[in-house]
Chemist: 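Can you read through this structure? Questions will come right after.
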Amino acid sequence: MNYSKPIIIACKEAPERLPPVLSLLSVATKVFPEVFLVTNKTSIETKNNLERLGVKVIEGMANIREIKYSQSKIERIRSWLSFHRAFWKLSDKVGNDVFLWIATADSALAIGWKLLDRQYILGLLELYDQQKIYLKLIRSFVKNAAHVVTPEPCRSAIFRVWYDLPYTPTVLPNKPYGLDCYRRMPISDPDAKAKIDEIGTRKLLLYQARMVR
């Protein structure tokens, strides 16, 4: 399916930190005539790669040389305001006849309540189960979204129950687009291969969990 109108993908965070967002951008260039990414700041390498795909990258903090993931309160406020201004400036320029994809809950909050008057897709990458106030803040954005997407089925089911959604959010897997995976595929990273070879035929239990501080 190809669309006749452009798409704006809004992601306050640096897109290279979020594989589902990079995958979304790659797919979007194949089905939309114009793809805009509005973000605060991305790496030069990522920006160049996206622009080669045809993505028009708008950075709210384009004059900042380095991306700082650990920010003071003042820097966080500044980053939210810069993203807010960049999004609405682009939105005013492109017009309302556009497909809106808000990549993260943080992005929706930074854009502000005015977003509720528009139709948009909302991505929820985290569960926020330890942040009750945050869950309340994003409730209106979740309930008013035309559709919600998450990176895995369990979160989709949980968000459906928490927010009494009439549908189960769609899953966009948290992996790079176009990654060819199959059993016994060669391991290209020499360090990883050495560790796997060391394990040999022993069973390997892989446990992944979020660190709670």
Side-chain angles (χ1 to χ4, degrees), residues 1-64 67 76-125 137-151 159 163 165-167 169-172 177:
M1 177 184 293
N2 290 329
Y3 296 88
S4 59
K5 58 185 179 181
I7 181 173
I8 294 176
I9 297 174
C11 180
K12 186 175 76 68
E13 299 83 353
E16 61 266 23
R17 301 185 70 201
L18 304 172
V21 175
L22 292 178
S23 297
L24 171 62
L25 288 162
S26 296
V27 174
T29 59
K30 295 175 173 55
V31 295
F32 288 92
E34 280 189 293
V35 179
F36 297 90
L37 167 67
V38 56
T39 184
N40 252 338
K41 183 68 178 175
T42 185
S43 69
I44 294 176
E45 180 182 4
T46 299
K47 184 177 181 180
N48 290 340
N49 289 338
L50 291 175
E51 289 179 341
R52 277 194 290 268
L53 289 175
V55 178
K56 298 177 181 178
V57 181
I58 292 86
E59 296 176 295
M61 302 181 76
N63 60 325
I64 305 299
I67 306 170
R76 289 176 184 174
I77 293 173
R78 182 187 177 193
S79 72
W80 279 54
L81 290 176
S82 64
F83 177 76
H84 175 93
R85 287 193 294 265
F87 174 84
W88 287 113
K89 182 178 180 179
L90 175 63
S91 180
D92 291 342
K93 179 180 178 181
V94 177
N96 291 335
D97 190 21
V98 63
F99 200 100
L100 285 182
W101 192 298
I102 313 304
T104 65
D106 266 0
S107 302
L109 290 173
I111 290 170
W113 303 113
K114 187 179 174 182
L115 178 64
L116 300 178
D117 296 328
R118 304 282 297 275
Q119 278 204 330
Y120 58 91
I121 304 294
L122 177 63
L124 296 175
L125 302 185
L137 288 174
I138 66 173
R139 172 175 289 275
S140 295
F141 295 100
V142 176
K143 299 285 284 185
N144 282 275
H147 201 79
V148 173
V149 298
T150 78
F159 278 123
Y163 293 114
L165 298 175
Y167 61 90
T170 299
V171 173
L172 290 183
Y177 170 70

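Scope of the values below: all heavy atoms of this structure, side chains included, with no hydrogens, waters or symmetry mates.
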Chemist: NZ of K143: more than 12 outside heavy atoms within 6.0 angstrom?
Modeler: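 Counting neighbours around NZ of K143, more than 12 heavy atoms of other residues, nucleotides or ligands fall under 6.0 Å, so yes.
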Chemist: Is there a donor-acceptor contact under 3.5 Å from the side chain of S107 to the main chain of K12?
Modeler: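 Answer holds: yes.
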Chemist: So, does E13 use its side chain to make a donor-acceptor pair with the main chain of L18 at under 3.5 Å?
Modeler: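 Not at all, since once roles are kept as given, no pair shorter than 3.5 Å links the two residues.
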Chemist: With heavy-atom distances below 4.5 Å as the criterion, would you say the side chains of I138 and L124 are in contact?
Modeler: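 Yes, close enough: below the 4.5 Å cut-off.
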Chemist: Test of understanding: with ring-ring contact (aromatic ring centres under 6.0 Å, His included), list the residues that count as partners of F36, not counting sequence neighbours.
Modeler: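 Scan of F36 (ring-ring contact (aromatic ring centres under 6.0 Å, His included), adjacent residues dropped) gives none.
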Chemist: Mind checking whether T39 and E16 have side chains closer than 4.5 Å, heavy atoms only?
Modeler: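 When only atoms from C-beta onward are counted, E16 and T39 do not touch, as no gap falls below 4.5 Å.
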Chemist: Kindly indicate whether the side chain of V35, heavy atoms from C-beta on, has any atom under 4.5 Å from the side chain of L50.
Modeler: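 In short, these two side chains do not touch, never coming nearer than 4.5 Å.
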Chemist: Using 0.5 Å steps for rounding, measure from the SG atom of C11 to the CG atom of L22.
Modeler: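 The CG atom of L22 is 8.5 Å from SG of C11, to the nearest 0.5 Å.
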Chemist: Which value, rounded to the nearest 0.5 Å, describes the distance between I58 atom CD1 and K93 atom NZ?
Modeler: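 Rounded to the nearest 0.5 Å, the CD1-NZ separation comes out at 7.0 Å.
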Chemist: What's the shortest heavy-atom distance between A103 and V21, and which atoms?
Modeler: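 Nearest heavy atoms, A103 then V21: CB-CG2, 3.9 Å.
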Chemist: Counting only heavy atoms not in Q119, do more than 12 fall under 6.0 Å of its CD?
Modeler: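 At most 12 heavy atoms, drawn from other residues, nucleotides or ligands, come within 6.0 Å of this atom.
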Chemist: With no hydrogens and no angle check, do the side chains of E59 and T42 hold a donor and an acceptor under 3.5 Å apart?
Modeler: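 No donor-acceptor contact under 3.5 Å links the two side chains.
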Chemist: OG/S79 to CG/D106 distance, rounded to the nearest 0.5 angstrom?
Modeler: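 One gets 9.0 Å once the value is rounded to the nearest 0.5 Å.
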Chemist: Would you say the side-chain atoms of S91 pair up with the backbone N or O of F87, donor to acceptor, closer than 3.5 Å?
Modeler: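 Not at all, since once roles are kept as given, no pair shorter than 3.5 Å links the two residues.
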Chemist: With F141 as reference, evaluate F159, W113, Y163 under the ring-ring contact (aromatic ring centres under 6.0 Å, His included) test and give the passing residue.
Modeler: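 That would be W113; it is the only one of F159, W113, Y163 passing the ring-ring contact (aromatic ring centres under 6.0 Å, His included) with F141.
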Chemist: Roughly how far, to the nearest 0.5 Å, is the CZ atom of R85 from the CE atom of M61?
Modeler: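 Going from CE on M61 over to CZ on R85, the span is 9.5 Å.
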Chemist: So, taking the atom named CG in L90 and the one named CG in L37, what distance separates them when rounded to the nearest 0.5 Å?
Modeler: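 Going from the CG atom of L90 to the CG atom of L37 covers 9.5 Å.
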Chemist: From L115 CG over to I102 CD1, what is the distance, rounded to the nearest 0.5 angstrom?
Modeler: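 If we round to the nearest 0.5 Å, L115:CG and I102:CD1 are 5.0 Å apart.
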Chemist: Is F99 close to Y120 at the side-chain level, that is, under 4.5 Å between some pair of heavy atoms?
Modeler: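 The answer is no; the side chains never approach within 4.5 Å.
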Chemist: So, for P6 and V98, which heavy atoms are closest and what is the spacing to 0.1 Å?
Modeler: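 Heavy-atom minimum between the residues: O-CG2, 3.2 Å.
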Chemist: One pair to check against side-chain contact (heavy atoms from CB on, under 4.5 Å): V57 and T46. What are the steps and the verdict?
Modeler: CA-CA 10 Å; V57 181; T46 299; over 6 Å; no
Chemist: Check for a donor-acceptor pair, side chain of Y167 on one end and backbone N or O of V148 on the other, with a separation under 3.5 Å.
Modeler: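 The answer is yes, because a donor-acceptor pair under 3.5 Å joins these two groups.
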Chemist: Does H147 reach the main-chain N or O of I121 with its side chain, forming a donor-acceptor pair under 3.5 Å?
Modeler: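 Answer holds: no.
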Chemist: Taking all heavy atoms of W88 and all of I111, pick out the closest pair and write down the distance.
Modeler: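 Looking at all heavy atoms of both residues, the shortest contact is NE1-O, 3.0 Å.
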Chemist: Using the rule given for side-chain contact (heavy atoms from CB on, under 4.5 Å), can you reason through V149 versus V171, listing the C-alpha separation, both sets of side-chain angles and the distance that settles it, and then say yes or no?
Modeler: CA-CA 6 Å; V149 298; V171 173; over 6 Å; no
Chemist: Could you report the tightest heavy-atom contact between N2 and K30, atom names first, then the distance?
Modeler: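 Closest heavy-atom pair between N2 and K30: OD1-O, 3.4 Å.
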Chemist: Please name all residues satisfying side chain to side chain donor-acceptor pair (under 3.5 Å) with S82, sequence neighbours left out, ordered by chain then number.
Modeler: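 With sequence neighbours excluded, S82 shows a side chain to side chain donor-acceptor pair (under 3.5 Å) to N40, given in chain and number order.
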